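So the structure is just underneath, and the comments pick up after that.
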Amino acid sequence: MSWTNETSGLTRRSFLKSTAVVAGGVWAGTALGCAPSTSGSDDGAAETQQVNEEHFNVCCRPNCFNTCMMTATVRDGKLVKTAPADFPSPEFNRICLRGLVSNENIYHPDRVLYPMKQTGARGSDQWERVSWDEAIDDIAAKIKGYREEFGDSSIFKTSGSSVYHATSGTPGKLFGTINASTMSGPLDAGNMYGIMRVFGYGGSPWPGNDQRDYVNAKNLFLWCNNLTDAQIHDWHFVADAIEAGANVICIDPIYTQMAAKSHKWVPIRPGADLQLIMSMMYVMLEEDLVDWDFIKQHTVAPFLVKDADGLFLRMSDLGVEPTKGDIDPTTGEPAIIDPYAVWDEDAGAAAELSTVANAAIEGAFDVEGIAVHTAFTLLRAEIEKFAPAQASTMCDVPEETIVELARLACDGPVTHRVGWGTQAYDNGLAPHVAGATMAALAGQLGKPGANYSSAVWMSWAGGNKAATSPATPATSPTIAYMNMPEVFASGQYLGAPITPKALWVYSGNPLCTWCDTNALRDDIFANFELVVTVDYMMTDTARYSDYVLPCAHWFEYEDAITSGNTYHLIHSEKAIEPLGEALCDLDIMRKLGMALGLDDNLFPDSNEAFLREYFDSELAAKQGITYDALCEKNAIHAYGDYFMQWQDLVFATPSGRAEFYVEKPTPYGVTGKTPDLSREHLPTWFEPREAWPTNPLAEQYPFVLMSERPRFRVHGQWSYNRILRELDPEPTVKINPADAAEAGLADGVLVECYNDHGHAVAKLVYNEAIRPGTLVYPKSWQSDQHVAGGWSEPLSRETDAVLVNQSFMDCLVGIRAWEGAE
């Protein structure tokens, strides 16, 4: 399906012609920066044509992590141009095509401008315009009725991660106030949870050293992380590192643009990263490359693990009474101090950790009749399963390459930046536990150029919680969407009765971006009696709703950006009035709150008032951050310059050390399945659910279906941007030409990728960068942009019972020429 003037009336030729003709209009200056200027004119035109031009500081903030600050130029009330603005730290000055063409999103002819009510069946696209009062009154009446008959928990909210700014917390506050339930879509969490398991929670999701620290690395590993497309603005930090002499190693099944920019590309079998990392650690131990002092002093290596129950041996096991410490703020009770025991090599006996100068790192011991091993001994036993000769056949990386990578990983400073490819399988937690462990064994933590982290995403936690949180925490459950069909069928969750009735969707597009669209639509959304979506375009989710409420674009209201990877708080001004009857989150929540009869003071009456309250906090005052200061400076660096994690080598774990061995592993969510926690003490290999050669499904569905994060969209956003669709016109799927030849498929034909869950039809593209046996598609095309199906259809909602994460790449499909029509 080619994108032509039949779908939008715009072609490349007409686009260029329109930008030259429509001076000062919607299109002029949008992508080309060619809006006419009245300054410096010699012909007196400025005297005959009065142009009211204003400039505003705004921020582009989709979930690419890159919160780019921009200057919005407004003429006579219309946004006509965007340009990069200056951060206090100029290294973060940046912009991409998406940000530059934001006004095409704002002025798109199909933008939702008024509250719309679906008059036919959901998905029929039969809509009528209604007033805000009519929509809100009807929605509120239904919510009240459901709460009265079925309880607070019958009301659900769900969201994605399409934006992050201060007022985006207002829906959470309102629905928390009415004690609503939450339907979560756990995703992209394997890397975060894996790293946190070893290092602890470092104060923000996906923490790590400042990207400017990459220049200090001697070796920079990029694990399944195509920065040049997925997170464009972090690429220049890698380029800076290359110029400074860093050696860049890219591990990825696909020969990406990032791989092409690297010094070494290591193609790996999808889902096999743990095998490679464990084998690298095998070499590190075999060749004595590890940092033994770091291991002894800063990891749990010398801790004694009881054979009987897998717990660390503590002094209470040896008859020493625990003592009480300071009040634990999470429980309100005194902390119990029960010191760890280690084996004192000099004394030949177990003793309290703090009293032992020479603790054993390896060995099995009998401590007063208690059989124990050191944690490192248990780790070594796991590592020894992955000698390069064996691991090579499993991960498809040559033995000599594994040895080379192990040596590079110890030749510091070494930085590992991990992406979201490795974690997108059912076994996606363990590789990141192993990777963090490897960095600890090498002693490559807590110093310039040394770190193991994902993309940095810092969330400033200093805002006044009263602005975004209900006065009383909600007690209704948070339920992973994978569990919802069972909840509808049984009428209960974790033994408690629940009857889901209404769903409010905001800041996301689940039916496009979550796994298993057909099950999500037919087994979950269809069972809600009321579905309301807040969006400014008719997305897949919006089309399958009863009401669509028009939200304002970022540049149409004032806000503060408090998360991202620039380490700055940013003030985003209101540049233009909202088009049509669009409203921002705060205004929508205020209307809904009033209709529900909630406290009139639940929300301030303006965004400015909200932000003044939000920045009225202890931490903000300590950092000198106020609303007025942020308005004056546009952006304030809020984390200290050149943030580096674990500098004091005190980790946020119970022991304060890097814990590659976990005493009491727990699942990260609820699936209804019994998790196998026995394999979670250490990084342990198990096969992906689908994407593995030994899977019997591979006979019927021989291709691993992999996604890539596209340059021209972010999780479905910008899907309908006409300028970007000129560059990226239609859904495609990439295939290695050898696979295509074997299947008898020509370059450029329409093909169907399919399995038992669903299918997607797209244009086939030959690409020798694609690993044989895999297919690669760009994520987040809307269903109406496909000839049939959609890319989330073949992806199963099944998940590992411990990780509880959407396994976007753990998918097998078949491929064939498309012969039909839907």
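Keep in mind it's a predicted model, so treat the numbers as computed, not measured.
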> Tyr701 versus Tyr754: any side-chain heavy-atom pair under 4.5 Å?
Replying inline: yes
>> I'd like to check Leu520 versus Leu511 (side-chain heavy atoms, cut-off strictly below 4.5 Å). Are they in contact?
In response: yes
>> Before you tell me yes or no, could you show the steps for Thr694 and Glu687 under side chain to side chain donor-acceptor pair (under 3.5 Å), namely the whole-Å CA-CA distance, both residues' side-chain angles and the distance that decides it to 0.1 Å?
In response: CA-CA 9 Å; Thr694 58; Glu687 293 182 1; 2.9 Å; yes
> Going by heavy atoms in the side chains, are Arg269 and Trp692 under 4.5 Å from each other?
Replying inline: yes
> What is the minimum heavy-atom distance between Leu274 and Ala434, and which atoms define it?
Replying inline: CD1-CB, 4.2 Å
> Which heavy-atom pair separates Ser792 from Cys512 by the least distance, and what is that distance?
Replying inline: OG-O, 2.7 Å
> To the nearest 0.5 Å, how far apart are NE2 in His759 and NE2 in His786?
Replying inline: 9.5 Å
>> Tell me every residue that passes side chain to side chain contact (heavy atoms under 4.5 Å, CB included) with Ser563, counting only those two or more places apart in sequence or in another chain.
In response: Tyr164, Trp457, Ser459
> Ignoring hydrogens and geometry, is there a side-chain-to-backbone donor-acceptor pair from Arg61 to Cys59 under 3.5 Å?
Replying inline: yes
> Would you say the ring centroid of Tyr193 lies under 6.0 angstrom from that of His432?
Replying inline: no
> Are any of the side-chain heavy atoms of Phe703 and Thr774 separated by less than 4.5 Å?
Replying inline: no
> Within the side chain of Asn451, is there an N or O that forms a donor-acceptor pair under 3.5 Å with the backbone of Asn209?
Replying inline: yes
> What pairs meet the salt bridge (Lys or Arg N to Asp or Glu O under 4.0 Å) rule with one or both residues in residues 524-537, with sequence neighbours excluded?
Replying inline: Lys501-Glu529
> If every non-hydrogen atom of Val813 is compared with every non-hydrogen atom of Cys753, which pair is closest and at what distance?
Replying inline: CG2-CB, 4.4 Å
>> When you measure from the side chain of Asn483 to the backbone of Ile479, do you find a donor-acceptor pair of N or O atoms at a distance under 3.5 Å?
In response: no
> Taking side chain as C-beta onward, heavy atoms only, is Ile735 less than 4.5 Å from Ile770?
Replying inline: no
>> I want to check something: taking the side chain as every heavy atom from C-beta on, are Tyr255 and Pro267 in contact at a cut-off of under 4.5 Å?
In response: no
> Does Asp546 use its side chain to pair, donor to acceptor, with the backbone of Val532 at less than 3.5 Å?
Replying inline: no
> Rounded to the nearest 0.5 Å, how far does CD1 of Ile268 lie from CD1 of Ile251?
Replying inline: 7.5 Å
> Is a donor on one side and an acceptor on the other found under 3.5 Å between the side chain of Asn225 and the backbone of Leu227?
Replying inline: no
> Can the ring centroids of Trp504 and Phe156 be said to lie less than 6.0 angstrom from one another?
Replying inline: no
> Out of curiosity, Tyr506 OH to Leu174 CG, how far, rounded to the nearest 0.5 Å?
Replying inline: 10.0 Å
> Taking NZ, NE, NH1 and NH2 as the nitrogens, is one of them in Arg725 or Glu730 under 4.0 Å from a carboxylate oxygen of the other?
Replying inline: no
>> Quick one about Asp273 and Thr422 (side-chain donor to acceptor, distance below 3.5 Å, no hydrogens or angles considered), yes or no?
In response: yes
>> I'd like to know if the side chain of Ser545 pairs up with that of Thr533 as donor and acceptor (distance under 3.5 Å, no hydrogens or angles considered).
In response: yes
>> Side chains of Thr182 and Lys157: any donor to acceptor distance under 3.5 Å?
In response: yes
> Is it true that a side-chain atom of Thr158 and a backbone atom of Met183 form a donor plus acceptor pair closer than 3.5 Å?
Replying inline: yes
>> Pair Asp800, Arg679 - check salt bridge (charged side-chain N to carboxylate O under 4.0 Å, His left out), show working.
In response: CA-CA 12 Å; Asp800 175 56; Arg679 70 183 188 207; 2.5 Å; yes
>> Does anything in residues 415-437 form a salt bridge (Lys or Arg N to Asp or Glu O under 4.0 Å)? List the pairs, not counting sequence neighbours.
In response: Asp234-Arg417, Asp426-Arg689
>> Between His757 and Leu795 (side chain of the first, backbone of the second, donor and acceptor by atom type, cut-off under 3.5 Å), is there such a pair?
In response: no
>> Looking only at the side chains, is there a donor atom on one of Asp559 and Thr167 sitting less than 3.5 Å from an acceptor on the other?
In response: yes
> Judged by modelled atom types alone, do Thr539 and Gln782 share a side-chain donor-acceptor pair under 3.5 Å?
Replying inline: no
> Are side-chain N/O atoms of Asn226 and Thr228 paired as donor and acceptor at under 3.5 Å?
Replying inline: yes
> Do you know which of Asn755, Asp516, Asn518, Asp756 makes side-chain contact (heavy atoms from CB on, under 4.5 Å) with Pro794?
Replying inline: Asn755
>> Show, in sequence, the C-alpha distance, side-chain angles and deciding distance for Trp685 and Tyr425, and conclude whether the ring-ring contact (aromatic ring centres under 6.0 Å, His included) test is met.
In response: CA-CA 12 Å; Trp685 162 254; Tyr425 303 84; over 10 Å; no
> Considering the options Lys779, Arg713, Lys734, which one meets the salt bridge (Lys or Arg N to Asp or Glu O under 4.0 Å) requirement together with Glu708?
Replying inline: Lys734
> For residues Gln645 and Tyr452, is any side-chain donor paired with an opposing acceptor at under 3.5 Å?
Replying inline: no
> Can the ring centres of Phe237 and Phe92 be said to be less than 6.0 Å apart?
Replying inline: yes
> Got more than 12 heavy atoms from elsewhere within 6.0 Å of NZ, Lys465?
Replying inline: yes
> With a 6.0 Å cut-off on ring centres, are Tyr720 and Trp781 close enough?
Replying inline: no
> Should the ring pair Trp223 and Phe221 be called parallel, tilted or perpendicular, given that the plane angle runs from 0 to 90° and is split at 30 and 60?
Replying inline: parallel
>> Are Trp514 and Trp791, when compared by the centres of their aromatic rings, separated by less than 6.0 Å?
In response: no
> Do Trp420 and Met192 have side-chain heavy atoms sitting under 4.5 Å apart?
Replying inline: no
>> Test your reading of the model: is there a side-chain donor-acceptor pair from Asn767 to the backbone of Ala769, 3.5 Å cut-off?
In response: yes
>> Can you confirm whether the side chains of Gln423 and Asn805 place a donor and an acceptor under 3.5 Å from each other?
In response: yes
> Does a side-chain heavy-atom distance below 4.5 Å link Pro62 with His715?
Replying inline: no
>> Between Glu680 and Lys664, does any side-chain N to carboxylate O distance fall below 4.0 Å?
In response: no
> Would you find a donor on one side and an acceptor on the other, under 3.5 Å apart, between the side chain of Asn179 and the backbone of Asp152?
Replying inline: no
>> Working to the nearest 0.5 angstrom, can you tell me the gap between Ile498 CD1 and Ser476 OG?
In response: 6.5 Å
>> Between the side chains of Asp784 and Arg543, is the shortest nitrogen-to-carboxylate-oxygen separation below 4.0 Å, so that they form an ion pair?
In response: yes
> Which pair of heavy atoms, one from Gly716 and one from Thr513, lies closest together, and at what distance?
Replying inline: N-CG2, 4.5 Å
> Any salt bridge between Arg797 and Asp522, counting N to O under 4.0 Å?
Replying inline: no
> Do NZ/NE/NH1/NH2 and the carboxylate oxygens of Asp252 and Arg771 come within less than 4.0 Å?
Replying inline: no
> So, the side chain of Thr170 versus the backbone of Met589: is there a donor-acceptor pair under 3.5 Å, distance only?
Replying inline: no
>> Is the ring pair Phe651/Trp646 parallel, tilted or perpendicular, if the boundaries are 30 and 60 degrees?
In response: tilted
>> Please find the pair of heavy atoms, one from Pro186 and one from Met482, that lie closest to each other, and give the distance.
In response: CG-CE, 3.8 Å
> Between Leu494 and Val670, what is the shortest heavy-atom contact and its length?
Replying inline: CD2-CG1, 3.9 Å
> Can you tell me if Arg94 and Thr566 form a side-chain donor-acceptor pair at under 3.5 Å?
Replying inline: no
